[in-house]
Student: 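Sharing a structure with you now.
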Amino acid sequence: MIDLIHVTKRFGDAVAVDDISLSVARGELCVLVGTSGCGKSTTLRMINRLIEHSEGEIHIDDQQIRAFREETLRRRMGYAIQSTGLFPHWTVARNIGLVPRLLKWPKAKVQARVEELMALLGLAMEAFAGKYPHQLSGGQAQRVGVARALAADPDILLMDEPFGALDPITRQSLQDELRELQSRLHKTIVFVTHDMDEALRLADHLVVMHQGRIVQQGRPLALLREPADGFVESLLGGEDRGLKEAALLPVSQRMLPLGPRLLARERIGQHASLREALSVMLWRHAERLTVVDDDDLPVGELSLRRLVGVRSDE
Amino acid sequence: MSKGRRWVVPLGWLALLLVATFGMGQLEGVFRWIEADSRQVIYARADFVTLLGRHLLVVSVAAVLAILLGVGAAIAATRDWGRDFLPLVSQLASIGQTFPPVAVLALAVPVLGFGTLPIIVALLLYGLLPIVRNTLAGLEGIDPGVMEAARGMGMSGGQILRQVELPLAAPVILAGIRTSVTINIATAAIGATVGASNLGDPIISGIVNGNTAYVVQGALLIGLLAVSVDSLFSRLPLAGSR
């Protein structure tokens with residue numbers, strides 16, 4: 001869907017992005033992660049031509065991005081940024097309807113789409129449609145920003161640290177919502193962040209950048225298990241790697257079927273992560289947890305030995 | 001302030017201006033007391049309505065030209081292709097303001113002759129700076145995130161200018177126009193020295209003939225006009241905070 005082929009960007013003599021190649025498959029959520037100044041934002045902005053690349057080729061659906069008019073290209077891609085960039089003199093509804101109006105959709109269709117998106121992002125129509133951006137909280141403004149990016153139903157979504165300025169709780173709930181949205185909408189998303197936990201939580205495909213180059217890319221678990229070098233390892237949290245990995249694995253992967261023994265008193269949902277399960281064990285001083293399904297019915301059990309990955313259970 | 005009541009103050013000043021313009025003759029007693037020695041105490045070479053009209057005309061023409069030129073130059077200097085001219089534009093506008101209007105008149109008369117034209121040129125140059133400066137400040141002051149989003153969403157340069165930049169900069173631009181017009185209402189009076197007949201006439205004539213009553217009449221009307229216009233500007237929906 002999106003292919004970067006030996007792409008380089010120079011600003012004067014400085015090389016911001018150095019000969020990177022990257023493919024993002026349709027429906028994949030690709031996260032570019034790295035320290036400030038590593039070229040991740042520059043890479044993102046080259047895809048919608050806010051920055052023109054110096055060398056190499058960038059393709060969308062096997063067509064060079066330079067074959068499109070800039071405006072046409074950008075209207076095909078949603079774009080969400082950290083500062084939201086909502087127009088302060090427009091209401092929420094008008095902000096969301098921006099791209100459909102640019103594409104000259106009929107009025108009724110724009111209106112219907114705005115209502116649909118507000119519902120999708122949990123923004124009550126009556127409460128928010130007529131509000132101005134300065135009347136919104138950070139999380140609400142970012143939701144509107146995402147709704148605006150999705151407005152014309154683009155195949156591609158570019159997100160530049162969209163949740164970077166939010167408090168941890170709001171950030172996590174928006175991350176969960178993005179995952180949830182993505183499981184329904186199957187957009188091709190390129191997401192930039194410097195927050196490794198966010199990257200691991202969201203990514204299908206994780207790309208670690210350093211000094212304008214791609215140091216390593218692959219599935220998050222693969223990177224966690226085999227970091228290419230010390231830099232990737234330190235970015236992945238060094239000693240914390242075990243916990244980060246546990247956060248990516250669901251309880252259902254390690255649980256055993258219910259045995260003849262009595263059910264353990266403490267319970268954990270089957271979709272919870274191993275990290276959450278470990279936390280419950282630590283907190284409750286429990287060695288065994290009963291795994292329950294969505295209806296709170298026991299479906300299995302998880303012991304500490306299983307959780308930490310010891311093969312045979314007693 | 002309710003919708004209807006916001007206009008009370010400017011309309012009050014406007015009414016006072018009209019009363020003074022049409023009823024100056026009625027105040028003969030007052031002016032007789034100020035200027036007891038003169039044979040004539042009410043300026044009579046032209047009636048005040050005509051003078052007011054001409055004064056307004058000169059200021060309006062200069063203002064329209066200054067707005068077109070000032071806003072246009074500031075917009076051009078903030079486009080990608082015009083950025084190189086940004087320092088030049090703001091410097092030229094500063095020079096326009098530091099150059100005294102009297103000196104502009106002195107230089108313009110030999111070229112443009114006596115009459116209304118030289119004073120329009122002088123006012124245009126003098127009024128340019130506040131407009132250019134405020135338009136630049138308004139356009140440059142827009143949140144960079146808003147501009148990036150506008151571009152990233154696929155708006156064209158013209159769409160960004162019309163739908164985003166100008167509406168957001170409007171309050172600041174309007175404040176510049178207000179300053180420019182108000183100071184030019186006062187400055188226009190010097191046009192009387194080069195034969196542009198306006199509300200400056202009674203003042204110049206009063207100074208030349210030693211008739212204080214004439215000076216007061218001219219100054220009173222110019223003052224009322226300036227206050228009325230300024231007060232009208234302050235009530236425009238875009239002026240002040242959003």
Side-chain angles (χ1 to χ4, degrees), chain A residues 41 44-52 68-90 94-104 132-135 141-142 144-152 154 156-162 164-165 190, chain B residues 1 3 6 71 74-75 78-84 86-87 134-178 233-242:
Chain A
S41 280
L44 183 84
R45 295 162 56 134
M46 284 193 290
I47 298 173
N48 65 0
R49 290 181 67 189
L50 282 175
I51 297 176
E52 293 286 351
F68 300 94
R69 271 183 66 226
E70 284 175 49
E71 285 85 17
T72 317
L73 180 77
R74 291 176 192 151
R75 288 170 197 174
R76 285 187 52 183
M77 302 179 181
Y79 187 51
I81 55 178
Q82 180 173 351
S83 63
T84 74
L86 295 178
F87 298 168
H89 57 309
W90 286 8
R94 197 163 170 210
N95 265 292
I96 296 176
L98 171 63
V99 182
R101 279 200 308 278
L102 290 177
L103 293 170
K104 307 219 165 22
Y132 286 89
H134 69 93
Q135 297 169 302
Q142 202 49 260
V144 177
V146 173
R148 180 176 65 174
L150 287 169
I156 296 173
L157 206 52
L158 305 179
M159 309 182 90
D160 194 351
E161 302 209 24
V190 181
Chain B
M1 194 161 14
K3 279 230 150 89
R6 69 193 292 171
V71 174
I75 288 174
T78 48
R79 298 309 95 186
D80 281 342
W81 44 265
R83 282 240 165 232
D84 294 346
L86 188 59
N134 278 40
T135 307
L136 286 178
L139 292 175
E140 300 274 89
I142 296 172
D143 175 2
V146 168
M147 294 300 290
E148 179 175 347
R151 293 214 304 140
M153 294 288 140
M155 296 179 92
S156 67
Q159 287 167 332
I160 295 177
L161 180 66
R162 284 191 308 276
Q163 299 182 35
V164 181
E165 295 185 88
L166 287 180
L168 287 177
V172 187
I173 298 177
L174 216 61
I177 294 174
R178 176 181 173 184
F233 266 110
S234 72
R235 293 306 193 280
L236 284 183
L238 282 170
S241 60
R242 228 171 332 112

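Within every chain, numbering begins at 1; the chains are lettered A, B, ... in the order of the sequence lines, protein sequences first and strands thereafter.
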Student: Measure from the side-chain N and O atoms of A/R75 to the backbone N and O of B/G154, and report whether any donor-acceptor pair falls under 3.5 Å.
Tutor: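 Indeed, once roles are kept as given, a pair shorter than 3.5 Å links the two residues.
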Student: Of all the heavy-atom pairs spanning A/S83 and B/G145, show the shortest one and how long it is.
Tutor: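 Scanning both residues, the minimum pair turns out to be OG-CA, 3.5 Å.
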Student: What part of B/M155 lies closer than 4.5 angstrom to a heavy atom of chain A: side chain, backbone, both or neither?
Tutor: both
Student: Hey, does B/D143 have a side-chain heavy atom less than 4.5 Å from the side chain of A/P88?
Tutor: no
Student: Counting heavy-atom pairs under 4.5 Å with chain B, which one of A/L158, A/L98, A/N48 comes out on top?
Tutor: A/L98
Student: Carefully, step by step, assess B/R151 and A/R74 under the rule side-chain contact (heavy atoms from CB on, under 4.5 Å).
Tutor: CA-CA 8 Å; B/R151 293 214 304 140; A/R74 291 176 192 151; 4.1 Å; yes
Student: Locate the shortest heavy-atom distance separating B/E148 from A/I81; write the atom from each residue and the value.
Tutor: OE2-CG2, 3.9 Å
Student: Show the numbers, then the answer: is there a side-chain contact (heavy atoms from CB on, under 4.5 Å) between B/Q163 and A/F87?
Tutor: CA-CA 10 Å; B/Q163 299 182 35; A/F87 298 168; over 6 Å; no
Student: Which pair of heavy atoms, one from B/A149 and one from A/G85, lies closest together, and at what distance?
Tutor: CB-O, 3.4 Å
Student: What part of A/L50 is in contact with chain B, defined as an atom under 4.5 angstrom from a non-hydrogen atom: side chain, backbone, both or neither?
Tutor: both
Student: Which atoms of A/L86 are under 4.5 Å from chain B, going by heavy atoms: the side chain, the backbone, both sets, or neither?
Tutor: backbone
Student: Work out which heavy atom in B/S156 is nearest to a heavy atom in A/E71; give both atom names and the distance.
Tutor: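 Heavy atoms of B/S156 and A/E71 come nearest at CA-OE2, 3.6 Å.
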Student: Below 4.5 Å from any heavy atom of chain B, which atoms of A/T72 appear? Answer side chain, backbone, both or neither.
Tutor: neither
Student: Counting only non-hydrogen atoms closer than 4.5 Å, does A/R69 touch chain B with its backbone (N, CA, C, O), its side chain (CB onward), both, or neither?
Tutor: neither
